[in-house]
Amino acid sequence: MKRELFDIPEGVIYLDGNSLGAPPKHVAERVQDVVRRQWGERLIRSWSEGWWEAPQRIGDRVGRLLGAAAGQVVVGDSTSVNVFKALMGAVKDTERTEIVCDESTFPTDGYIAQSVASLTGLKIRAARPSSLELTEDTAVVLLNHVDYRTGELQDMRALTEQAHAAGAQVVWDLCHSAGVLPIELDALGVDFAVGCTYKFLNGGPGSPAFIYVPHARQASFENPLSGWNGHREPFGMRPSYEPDPGIVRARVGTPDILSMLALDAALDVWDDVDLAELRERGLALTALFRERVQELTDLEVITPERRGNQISVRCPDARAVMDELIARGVIGDHRPPDVLRFGFAPLYVTDEDAVTAAEVLAEIIR
Ligand SMILES: Cc1ncc(COP(=O)(O)O)c(C=O)c1O
């Protein structure tokens with residue numbers, strides 16, 4: 001628990017860290033340093049004083065939270081763009097004919113998969129993670145580790161093994177699990193993973209996403225967006241594209257340094273976090289909230305036992321109820337048509353927050 005390190009207004013119970021994490025207090029000062037000193041005083045020199053390598057350096061910091069050894073994660077672009085890179089990389093040169101996509105995926109992943117299908121001629125098949133029915137036609141499976149609507153956590157080990165047993169590759173979207181629980185990308189032999197940093201990692205609105213391409217796949221990974229940042233010699237200004245041999249080939253264009261260095265600062269709070277302990281706290285907080293909601297209301301909790309740091313509740317008039325919760329200082333969100341979502345970031349949400357939020361919800365429902 002590191003609540004004192006975060007800027008959360010007095011009187012607010014913040015349960016939307018699964019959408020936009022709260023800012024660690026020191027980030028504002030660090031961003032000022034980036035603007036005033038690194039940009040204002042050092043000017044162009046800052047590119048060779050750390051800015052250029054920032055996507056790999058910060059990628060390694062994120063990788064530590066994902067069970068990825070150094071040199072396999074790079075930070076940049078959005079999750080949507082990284083889904084595109086990963087899927088195109090996975091289906092390159094395949095003889096197989098289908099992309100299997102989590103039926104309840106966050107929409108952008110499905111939209112991007114459609115683009116990949118129409119560019120490559122593969123077909124999309126939507127399937128539930130519990131019944132993927134992979135065949136020798138399946139080239140790649142695109143899965144969300146935690147469902148954005150229900151908070152359900154998928155079994156990464158079993159589903160990765162299932163994909164590999166069918167000779168398919170797997171792309172995991174970790175948007176709702178990075179910073180929630182220990183993840184073992186290297187140990188599980190995951191092919192590709194992507195995710196955002198503005199939720200539980202507190203990187204700030206629109207902070208850059210990440211992509212994981214393991215060492216074993218880097219030489220054959222063809223980034224469909226062959227921008228100059230991924231070139232083996234970006235300042236050689238060569239007419240033809242030759243990718244960097246390593247993870248740098250997953251980069252595209254000039255990184256958004258202000259956002260990226262805000263994320264870098266935010267990651268300081270993660271340096272000494274034990275993810276196993278954090279996971280215990282996340283489970284305890286979500287269990288407490290779920291129990292109190294079930295005691296005090298007859299609303300249906302749709303989050304299953306196997307979950308991330310989120311509890312979702314089915315509720316008629318979800319929008320109006322959430323507006324009222326927010327008016328009373330409990331900030332969560334809702335997803336149409338009838339789901340209230342409450343995210344529990346264990347770094348700054350307390351047991352008392354969980355209990356009070358359930359009580360306020362019950363008062364409103366009554
Ligand atoms: C599972 C998942 N994937 C992707 C995204 C968004 O991707 P982007 O950062 O490209 O907007 C979200 C955003 O909430 C998400 O929950």
Side-chain angles (χ1 to χ4, degrees), residues 15-22 55 58-59 62 65-66 73-88 99-116 124 126 128-129 140-154 156 159 170-181 183 185 190 192-212 224-225 250-253 255-256 259-260 262-263 266 302-303 307-312 322 331-336 339-345:
L15 303 182
D16 217 359
N18 52 325
S19 200
L20 175 66
I58 301 168
V62 173
L65 301 171
L66 310 176
V73 176
V74 79
V75 167
D77 306 313
S78 61
T79 304
S80 306
V81 172
N82 286 328
V83 169
F84 181 70
K85 293 180 209 167
L87 279 182
M88 288 295 284
I99 299 171
V100 172
C101 186
D102 186 341
E103 184 178 89
S104 54
T105 185
F106 185 84
T108 205
D109 300 49
Y111 304 154
I112 296 284
Q114 292 285 353
S115 293
V116 171
I124 298 267
R128 289 214 182 97
V140 62
V141 190
L142 172 59
L143 295 166
N144 291 187
H145 196 194
V146 172
D147 186 284
Y148 77 100
R149 196 191 298 269
T150 64
E152 178 176 6
L153 171 70
Q154 300 300 338
M156 184 181 283
L159 290 167
V170 64
V171 176
W172 282 101
D173 180 332
L174 309 180
C175 278
H176 288 267
S177 60
V180 169
L181 72 166
I183 296 175
L185 294 180
V190 165
F192 296 94
V194 300
C196 68
T197 60
Y198 48 73
K199 299 180 190 289
F200 290 106
L201 296 179
N202 317 306
S207 60
F210 60 83
I211 179 167
Y212 163 82
L225 300 169
R251 288 177 59 168
V252 183
D256 175 349
S259 248
M260 193 163 290
L263 165 65
I302 61 169
T303 304
R307 63 188 183 275
N309 278 356
Q310 177 184 326
I311 293 292
S312 299
M322 185 47 71
I331 304 182
D333 62 23
H334 70 94
R335 288 291 175 265
V339 174
L340 297 173
R341 298 194 313 170
F342 301 91
F344 292 83

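One is the number of the first residue; the rest follow in order along the sequence. Just follow the structure's listing: the first ligand is 1, and inside any ligand the first atom is 1.
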Run the numbers for me: atoms of ligand 1, each under 4.0 Å from some heavy atom of Thr108, listed by number. 4 (C), 7 (O)
Under 4.0 Å from any heavy atom of Tyr198, which atoms of ligand 1 are there? 6 (C), 7 (O), 8 (P), 9 (O), 11 (O), 13 (C)
Donor-acceptor contact present, side-chain Asn309 to main-chain Gly343, <3.5 Å: no
Below 3.5 angstrom, do we get any N/O pair linking Tyr148 and ligand 1? no
Look at atom 7 (O) of ligand 1 and say which protein heavy atom is nearest, naming residue and atom and giving the distance to 0.1 Å. Thr79 CB, 3.5 Å
Report yes if some N/O of Lys199 lies less than 3.5 Å from some N/O of ligand 1; otherwise report no. yes
Are Ile211 and Val74 close enough, and set up right, to give a side chain to side chain contact (heavy atoms under 4.5 Å, CB included), and what steps lead you there? CA-CA 6 Å; Ile211 179 167; Val74 79; 3.6 Å; yes
At a non-hydrogen distance cut-off of under 4.0 Å, which region of Val83 contacts ligand 1 (side chain, backbone, both, or neither)? neither
Counting heavy atoms only, name the option from Pro107, Ser80, Gly206 that's nearest to atom 10 (O) of ligand 1. Ser80
Taking Thr197 for its side chain and Pro208 for its backbone only, find out whether a donor-acceptor pair lies under 3.5 Å. yes
Using the ring of each side chain (for Trp, its six-membered ring), is Tyr148 parallel, tilted or perpendicular to His176, with breaks at 30° and 60°? tilted
I need the contact type for Asp173 against ligand 1. Using non-hydrogen atoms and a strict under-4.0 Å cut-off, is it side chain, backbone, both or neither? side chain
Numbering as shown, the atoms of ligand 1 that approach Asp109 to under 4.0 Å (heavy-atom distance): 3 (N), 4 (C)
Does the side chain to side chain contact (heavy atoms under 4.5 Å, CB included) test come out yes or no for Ile183 and Leu185, once each step is laid out? CA-CA 6 Å; Ile183 296 175; Leu185 294 180; 3.9 Å; yes
Criterion side-chain hydrogen bond (donor to acceptor under 3.5 Å, both in side chains) against Ser177, the qualifying member of Gln154, His145, Lys199: His145
